[in-house]
Amino acid sequence: MISTLFISLLIFLLISVPIAVCLGFSSLVALQVKDLPLITLAQSVFESLDSFPLMAIPFFILAGNLMQTGGMSRRLIRLANVLVGWFRGGLGSVAVLTAMFFSTISGSSAATTAAIGSTLIPEMGKKGYPKPFATATCASAGELGVIIPPSIPMVVYGLVANVSIGSLFMAGFIPGILIGLSLILTIIIVARVKGFDIVNRSSKRQWLKDLWIAFTDSFLALVMPVIILGGIYKGVFTPTEAAVIAVVYGFIIGMFVYREIKWKDLMPILGKSAVSTSIIMLIVAYASIFGYILTVEEVPQKLGKAIAQFSDNPIVFLLLVNIFLFITGTLMEALVTIIIVAPILAPIAVQFGIDPVHFGIIMVVNVAIGMLTPPVAVNLVVACQIANLKMSQLTRPVLLFLGVLTLDVLIISYVPSLSLWLPSFM
Amino acid sequence: PTESKKSTEVVELNLGHTLSPQSHYQAMATKLAELAAQKSNGTIKISVFPQSQLGGEVKMIQSARTGSIGMLVTAQAPLENTVKEYSIFDLPYLFDSIDQANQVLGGEVGKKYLGMLPQHGLVGLGWLSVMERNVFSSKPIKSVDDIKSFKIRIMQSPGYVKAYEALGTQPTPMAYSEVYLSLQQGVVDGADTSPDQFVEDKFIEVSKYYNKTKVHYLPALLIISKAKWDKLTPDQQKVLQEAANEALKYGIDYYKKAYDDSIEKMKKAGVQVTEPDLTQFKKVSEKTYDQLLKEIPDGKKLFDEIQAAKQKAGK
Amino acid sequence: MAFVRWVDKVNKWLEILVGLALGVMTLVVFYQVLVRFFLTSFGEQISAPWTEELARYLMIWLVFIGGAVAARKADSNAVEALIHAVPPLVGKLIKIGAHITSLIFYACIFVIGLEWTQFGLSETAPVMKVPMSYVYSAMSIGAGLMIVNTITILVDAYVNKKDIRDTSDEEVEAALADYKSDGKEAAV
Ligand code: NA
Ligand code: NA
């Protein structure tokens, strides 16, 4: 059944069948071979779609589109550009910083990617960034959504591996900052080498003046994250509801304050956002039946056990875990990986003397990277959809960022204090 | 179709549930797998999938009805959408204690409800312990007045919503996975769950009070897909039922111990366990009975049968 | 060709429909926040459990209908390395094969969706108390529309002599043009 699943998946992928269809069709073939009812597919698909937390995705996509048309993102970018735009790679750095900021609002990486991507991919294009590089930047930065708290995968890990979720949240901060800084550094270097991102030099006096103008002009836009953040931390709403607040706020400001959204723009924005949502969600939906088959066949369990039998050295163990998670991350959705693999690997990790909180961060960072590795790569799907690009056009920039992130994962894996220092104050 | 199977052929059954590997569901399920293998000379092989690996309860019920999975343990509430009569267990304060509820379900009443399943493609092998749903919160609950205007997360069954509305609270729809954060951040003031899951799901970290409000006793059942059941030989059916009876009894005892242990753990972790006077709670929430029973087929009759069985069972 | 034009007109309407669904989802969830937070602050007690349920079901419909609209706009999420690496004729044949593969899949989904809708008759939505068939039928209807749209891609390529490997159609071009004109006032 498993070889059928993978062989048919590979063939479909190779002949350029849409990824949602690849996942769904190979699962159907596997169900048929195993003599399971085909209606199992419908059960999995509807269970995954019938989810309130998942609704954050359409709302953040819509909010991003409203902010784009409503002139809000333009004002924010102008401010950010005055702040850090004076060095080469500044705007790409703004994308990463914005992602870090959005991460404190969103527990999901897809939503973070959608929120920053719809705003910043076009803006980076205007400053001469190659579109694939800009798109890959946002997809990579978006993964911070699950690393910087709050984080849905951390909650799930805490539940399945019996670890304090509060500690996990604290533990995610420094690794998140490390990843953010490494991405910024990469962007600066690439911008210098490739010579894009036009720099505007000006006098200090002029700079302060620009800063003031940009600040007052973008004040209402700056208030938005404060409302959302404050709303979540003060307990007014959940992340999905926060996304809706972002939509409503973005609409009111764009329509009635900035007056850049016209009534005739509204339907096209809604329609475009809805279609973007569908493409992402169909992949999520068909990934669920794919994951179900892997679960029933106990594939992750078998692989997990094989790792443990291979070596008794913690350094080797962590290396194997990282390789294993990288592979599963290409094929499985983040939460599915954590739900299936964490209960097996976390106890083994403890036997190797690894703190379960630290191990949780390693897992979360790995599944976050999995959001960038096709075929199942939700961040790439979201970013490509926003940028109107195909995944294959992103190969080179994504490989570059994957290299940097792999380095980060190794640092996070082998320097436990990065994860464990902050929780030690709890 | 039963005669077509030879007893030597191994039947493989996947058993799914939504709780952790430390739960009484898991304890019962592994016991069942062990007993079934033993009693059937290895011809029944049960693989257990905890933690919703095979899906949530609604999906697993669907899967069992269509024969996609073999067995599951589920709470009663998700069955309501398919078997409307099961809504009766949503009535607030329907039972007085765990023991009483288990006794009623272990008797004729329980049998009657299991008998409603086969027409929906399911076979009920028996009842696991009911779970006592108490409200955990950021503020203490000592009387009905304390719970008024609480923003509370509960299951979205009408009986639960109506009961908590009658108590003056504001029931809030929310995914279970969001409750931890929401409680920490104050999106809700409280939620309801059984002591073992309160500890298991880490609410012990973010909740100051565990209030024994005992509004609902949530029953749980062991179910096998009728499609799979019909494929078993009569012998296999018999030993599987025996194994289930034994394993369920083991699971009921396991829950009682887990309940006591969990209360101990809460106290050690500094969570205050309150014992509110329930007289007022019962009086207020019983007002919902008429309306709720009207929506259940034969509601009044089923309700009276449960009351009669309670009389026999005692407190 | 009349058929292609007609299908594209229907798709325009479908896009408006899913846009409206997203609008209603927004209003409904926003209402939920208002009810819970603002009204309770004024001592009002109205709970709205139907809001979450309605929003979820709208999202399911949105996904399948919007997915069909996306199918007409062609596959933005496929691995297309091979079809561009091989000689054009071979690449075109492979791409046609991919579309036929999708068609077979959609046909399977259509049939499975019918069975699923039938199954939904025996389930009731927990809050709104409607048969789940109202929700489950989205799968078959979406698959049916996906079939029509995929056939339209093939017909459009054949009749209008388009390169089947070229997935960007006029609508996408229009969107891209819109995108560029958006930069009328450069932000930086
Ligand atoms: Na986050
Ligand atoms: Na991946």
Side-chain angles (χ1 to χ4, degrees), chain A residues 12-21 24-25 28 38-39 41-42 45-46 49-52 54-55 58-59 62 74 77-78 81 85 91 122-123 126-127 200 236-237 240-241 244-245 247-248 267 270-275 277-279 281-283 285 374-375 381 384-385 388 390-392, chain C residues 15-16 18-23 25-26 29-30 32-33 37 52 55-57 59-60 62-67 69-71 73 75-83 94-95 97-98 101-102 104-106 108-109 112-113 115-116 119 135-136 139 167 172 175-176 179 182-183 185-188:
Chain A
F12 294 147
L13 280 174
L14 211 61
I15 64 169
S16 78
V17 172
I19 286 173
V21 177
F25 210 168
L28 266 191
L38 297 186
I39 202 170
L41 176 136
V45 162
F46 276 77
L49 290 179
D50 195 359
S51 149
F52 190 70
L54 204 64
M55 218 177 285
F59 289 146
L62 178 57
R74 194 156 47 76
I77 300 306
R78 187 185 293 166
N81 195 55
L91 189 57
E123 298 298 338
K126 288 173 199 165
K127 280 204 88 177
N200 316 313
V236 190
F237 26 72
T240 305
E241 292 170 344
V244 157
I245 300 296
V247 170
V248 173
M267 265 334 288
L270 283 169
K272 195 171 83 176
S273 307
V275 174
T277 300
S278 306
I279 294 174
M281 304 283 248
L282 275 179
I283 294 175
V381 174
C384 284
Q385 192 47 40
N388 255 322
K390 297 180 183 65
M391 266 196 211
S392 53
Chain C
E15 189 164 338
I16 290 174
V18 288
L20 283 175
L22 183 54
M25 277 165 63
T26 308
V29 178
F30 185 59
Q32 173 179 318
V33 182
F37 180 66
E52 192 198 329
R56 278 187 281 115
Y57 295 164
M59 179 166 73
I60 289 172
L62 180 153
V63 168
F64 285 102
I65 304 301
V69 177
K73 294 183 176 184
D75 38 353
S76 49
N77 279 297
V79 181
E80 298 187 318
L82 180 72
I83 58 166
I94 293 175
K95 190 70 211 180
T101 306
S102 298
I104 297 170
F105 177 69
Y106 298 145
C108 294
I109 291 300
I112 292 167
E115 195 190 337
W116 183 233
F119 186 89
V135 184
Y136 294 171
M139 192 162 167
T167 47
V172 173
L176 281 174
Y179 208 85
D182 215 32
E185 185 195 337
V188 289

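Atoms considered below: every heavy atom in the structure, side chains included; atoms not considered: hydrogens, waters and symmetry mates. Chain A is the first sequence line, chain B the second, and so forth, proteins listed ahead of strands; every chain is numbered from 1. Keep in mind it's a predicted model, so treat the numbers as computed, not measured.
The contact between Val21(A) and chain C is made by backbone and side chain atoms together, counting heavy-atom distances below 4.5 Å. Residue Leu28(A) touches chain C through its side chain alone, counting heavy-atom pairs closer than 4.5 Å. In this structure, the portion of Ile109(C) lying under 4.5 Å from any heavy atom of chain A is its side chain and not its backbone. Only the side chain of Met267(A) comes within less than 4.5 Å of a heavy atom in chain C; its backbone stays farther off. Only the side chain of Tyr106(C) comes within contact range of chain A, with heavy atoms under 4.5 Å apart. Only the side chain of Leu62(A) comes within contact range of chain C, with heavy atoms under 4.5 Å apart.
Remark: the backbone N or O of Leu62(C) is paired with a side-chain donor or acceptor of Ser278(A) at under 3.5 angstrom.
Using a 4.0 Å cut-off between charged nitrogen and carboxylate oxygen, Glu123(A) and Lys127(A) do not count as a salt-bridge pair.
Between chain C and the options Asp50(A), Val45(A), Val247(A), the largest number of non-hydrogen pairs under 4.5 Å is found for Asp50(A). Most heavy-atom pairs under 4.5 Å with chain A: of the set Ile104(C), Ile65(C), Leu20(C), Ile60(C), this distinction falls to Ile60(C). Per-residue counts of heavy-atom pairs under 4.5 Å with chain A were compared for Val29(C), Ile16(C), Val18(C); the largest is that of Val29(C).
The two atoms that bring Leu49(A) and Met59(C) nearest to each other are O-CE, 3.2 Å, heavy atoms only. Closest approach of Ser273(A) and Leu22(C) over heavy atoms only: CB-CD2, 3.6 Å.
Neither side chain, Glu52(C) nor Gln32(C), offers a donor N or O lying under 3.5 Å from an acceptor on the other.
The aromatic rings of Phe46(A) and Trp116(C) are tilted relative to each other, their planes meeting at an angle between 30° and 60°.
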Item to complete: Could you please spell out the steps behind the side chain to side chain contact (heavy atoms under 4.5 Å, CB included) verdict for Lys73(C) and Glu15(C)?
Response: CA-CA 12 Å; Lys73(C) 294 183 176 184; Glu15(C) 189 164 338; 3.3 Å; yes
